[in-house]
Novice: 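I have a structure I would like to understand better, so I am pasting it below and will then ask my questions one at a time.
Model, not experiment: these values are computed from the prediction.
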There are 2 protein chains.
Amino acid sequence: MATLETISSVDTSPRHPIRLVANRTGLTVDLIRAWEKRYHVVEPARSDTKRRLYSDYDIERLRLIRIAKQNGRRLVDVAPLTLEALRDVVSEDSRYEVSQDVQAEIYRPSWTSPLESSESADDIDALLFSVQTMDQHRFDQLLQEGLVKQSLPAFLQTVIGPLLAEIGESTRLGKMRIAHEHMATAHLRTFIGALRFRETYTGNEPKIVITTPTGQLHELGALMVAALVSVDGWLPVYLGPNTPADEIAACAMQSGARAVSLSLTYPADDPRIPTELTRLRSQLESNIPVFVGGSAASHHHELINRLGLLSPKSLDDLRHSLNMLRDNRFQGIA
Amino acid sequence: MATLETISSVDTSPRHPIRLVANRTGLTVDLIRAWEKRYHVVEPARSDTKRRLYSDYDIERLRLIRIAKQNGRRLVDVAPLTLEALRDVVSEDSRYEVSQDVQAEIYRPSWTSPLESSESADDIDALLFSVQTMDQHRFDQLLQEGLVKQSLPAFLQTVIGPLLAEIGESTRLGKMRIAHEHMATAHLRTFIGALRFRETYTGNEPKIVITTPTGQLHELGALMVAALVSVDGWLPVYLGPNTPADEIAACAMQSGARAVSLSLTYPADDPRIPTELTRLRSQLESNIPVFVGGSAASHHHELINRLGLLSPKSLDDLRHSLNMLRDNRFQGIA
DNA sequence: GCAAGTTTGTCCTAGTTTTGTCCAGATAAA
DNA sequence: TTTATCTGGACAAAACTAGGACAAACTTGC
């Protein structure tokens, strides 16, 4: 369908005015012109009155260059790259940009500062403000803008995660109304849910069942995982919250999943959790790893170890493990 | 079917004076005339005394052009486009503001008639089959295709509604696994949630608070309502499920909503419902109507009448009432 | 570690195009 | 009568263009 087309081959016909390009890329018009003047980053066509007319291809280039810059690349270095080379650079960077420990291990010149934490903090403040004022349109706009500024994994970890924590905390302390929390949660449910459809699927992706066990009604963490792994070439089989262990196992079997990921948040000490996790582990084939994440996972540390489940320390850690699993599998087949 | 026509068809017969057009579109009368003078953006019919008479079609065009301008389009570029092309452009642009999993390239007028029931039945069977086989991709594909075939309101009523009922029934009878129901529900949550972002907003829309009361955890009905009313020029303030009456009232006040809509499904006889509805009605200003729908609404018929709440018999009935409310409001201003 | 050079975002001026607002006098509607 | 709309034109604000200046941040050389 058109969806596939737009993603895989980018339209090169010039038609967008500079203002729209600025809106979509998050760059200023001055900057877009300056980049053109100095490095010929893009060379837009012109209207009969000399107005710049950009193509979708140009916009995608600018968007990627912006992200590359955010990741610490220098403009001189990335300006001459083709779209494909740019994509490679950006996806390469996204693997390291947020993870501090990984960052220390590999060589990174001093200019490769990841996204300023202050900048993310500003974004989160703006998002919180739009929730307080019930400005839905602004909220959606900010989410979309945040996604333009950085790659999806970085966005989830530096903005969405902290935002959720902040909203939960504010509501608990009475600084925010329940109605505000509800509105924000409902919007985020739709927003995050749609993220995984941004990726294109070939049908060959390994599958991973993602859900929360019985009693765990909060699904946003699980949904974030679904969006995240889709970036790395997994096909999430997302079951929503509150799924009994038997059903998770049956689903993993029917879909031929290679892994299962659970999210535990609240209530942290639900007595059903040990039962459910034990049942799940016993019903699943032993070569299918079960990842247990979320804020409440640490409450069940001992159980998780005893059952041989995996408890990634961060979303990045989870990504890393899944990448290993995926690549091992490909080796095993070849 | 007379009801449907009156509600949803975009009338091409000219009858609105320029003042009303200005109010509905958020443009000034001078600007509307200037656009006509310079670019023939719309060419309204004239009364026998040369007064401009605009049709609903014209208003829709102007609304879309205003939004296209906000997105950074130039007037010269969008002025000559047909309504369909304009829809495409606006929808393409807004895709970058609000991410969606639904990307219908084909514009479906909101006034297309519903499909023959047999055809819908086939669609539903195909959807059910894709759920049973856990074929997520097929499921999404069928949903999108179904939406292309008919208008959004018709699609919700002839496909999504029956599909939800069927899935619920099949699971209850054990014909379908809980895992299947979960997968379908999670997908539908994302799909329906994204539907209201297909519409374009000018900022002048009257608002309606949509949610379910405390104890009612199923949100898909409420979400359908949100998608539905957005087609008719309302801005839904969607709060998700399980919202306490106090919070609904506070939210309605803060957002300046003109109406509230609640959905009741399960459990039908929750003892909290009477309390919550009574609280809500007493805390809301009396000129804000409260609509109560969903399969469980009939269980509370007497209560609803006593409190002076409104219980539309169908989604169409709800739309009709809201259209009346919206237009009364416009008269009140003019 | 400091100084000199480079890179990069922002801003300025001045001229052009595009777009929004306003006015005047005439006609029609309330 | 008062208010709303009409036409045609004037005017001004906003947006865009080209070229260049400038300062902050960063890199490099010593």
Novice: Using heavy atoms to find the nearest nucleotide of DNA chain C for Asp30(B) and Tyr39(B) separately, return the residue whose nucleotide is more 5′.
Specialist: Tyr39(B)

Novice: Nearest of dC16(D), dT10(C), dT21(C) to any side-chain atom of Arg19(A)?
Specialist: dC16(D)

Novice: With a non-hydrogen cut-off below 4.0 angstrom, is Arg33(B) in contact with a base, only sugar-phosphate, or nothing?
Specialist: base

Novice: Rounded off to whole Å, could you give me the CD1-to-C1' distance for the Ile18(B) and dT3(D) pair?
Specialist: 15 Å

Novice: Are Thr49(B) and dA29(C) close enough that a side-chain N or O sits under 4.0 Å from OP1 or OP2?
Specialist: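 Affirmative; the distance criterion is met.
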
Novice: Pick the closest DNA chain C nucleotide for Arg51(A) and for Leu75(A) by heavy atoms, then say which residue is nearer the 5' end.
Specialist: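 Closer to the 5' end of DNA chain C: Leu75(A).
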
Novice: Would you say dT8(C) has OP1 or OP2 under 4.0 Å from some side-chain N or O of Arg74(A)?
Specialist: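 Answer no for this pair, as no side-chain N or O of Arg74(A) is under 4.0 Å from OP1 or OP2.
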
Novice: To the nearest Å, how far apart are Leu62(A) CG and dG9(C) C1'?
Specialist: 15 Å

Novice: Using modelled atom types only, decide if a donor and an acceptor are shared between the side chain of Arg38(B) and the backbone of Val76(B) within a distance under 3.5 Å.
Specialist: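 Such a contact is absent between Arg38(B) side chain and Val76(B) backbone.
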
Novice: Any side-chain N or O of Arg46(B) under 4.0 Å from OP1/OP2 of dT7(D)?
Specialist: yes

Novice: Can you tell me if Arg66(B) touches the phosphate of dT19(C), counting only side-chain N or O atoms and a distance under 4.0 Å to OP1 or OP2?
Specialist: no

Novice: Just the rounded figure in Å: distance from P of dC23(C) to CG of Leu31(B).
Specialist: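 These atoms are roughly 16 Å apart.
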
Novice: Could you state the atom-to-atom distance from CG of Leu27(B) to C1' of dT21(C) in whole Å?
Specialist: 13 Å

Novice: Can any side-chain N or O of Asp58(B) pair as donor or acceptor with the backbone N or O of Ser55(B) at less than 3.5 Å?
Specialist: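 Looks like yes, one N/O pair under 3.5 Å.
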
Novice: Between Asp56(A) and His16(A), is any side-chain donor less than 3.5 angstrom from a side-chain acceptor?
Specialist: yes

Novice: So Arg38(A), base contact, sugar-phosphate only, or nothing? Heavy-atom distance under 4.0 Å.
Specialist: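 The answer is base, as Arg38(A) lies within the cut-off (heavy atoms under 4.0 Å) of a base atom.
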
Novice: Counting distance only, does the side-chain N/O of Arg61(B) pair as donor-acceptor with the main-chain N or O of Ala79(B) below 3.5 Å?
Specialist: yes

Novice: To the nearest angstrom, how far is Glu36(A) atom CD from dG19(D) atom C1'?
Specialist: 13 Å

Novice: Could you give the CG-to-P distance, from Asp77(B) to dC16(D), as a whole number of Å?
Specialist: 11 Å

Novice: Under a 3.5 Å distance rule, please check whether Gln132(A) uses its side chain to pair with a backbone N or O of His180(A) as donor and acceptor.
Specialist: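 No: the side chain of Gln132(A) does not pair with the backbone of His180(A).
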
Novice: What does Ser47(B) touch in the nucleic acid at a heavy-atom separation under 4.0 angstrom: a base, only the sugar-phosphate, or nothing?
Specialist: nothing

Novice: Can you see if the side chain of Thr28(A) gets near the phosphate of dG9(C) - specifically, an N or O under 4.0 Å from OP1 or OP2?
Specialist: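 Negative; the distance criterion is not met.
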
Novice: Looking at every strand, decide which applies to Val29(B) at a 4.0 Å heavy-atom threshold: base, sugar-phosphate, or nothing.
Specialist: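 Touches nothing.
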
Novice: Going by modelled atom types, is there a donor-acceptor pair between the base of dG9(D) and the side chain of Lys37(B) at under 3.5 Å?
Specialist: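 Between dG9(D) and Lys37(B), which were checked side chain against base, a qualifying N/O pair under 3.5 Å is present.
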
Novice: From CD of Gln70(B) over to C1' of dG20(C), roughly how many Å is that when rounded to an integer?
Specialist: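 My rounded result for the distance is 15 Å.
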
Novice: Tell me the interatomic distance from Asp48(A), atom CG, to dT16(C), atom P, rounded to whole angstroms.
Specialist: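 Going from Asp48(A) (CG) to dT16(C) (P), I get 17 Å.
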
Novice: Are any non-hydrogen side-chain atoms of Leu147(A) and Arg198(A) less than 4.5 angstrom apart?
Specialist: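 The answer is yes; the side chains approach within 4.5 Å.
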
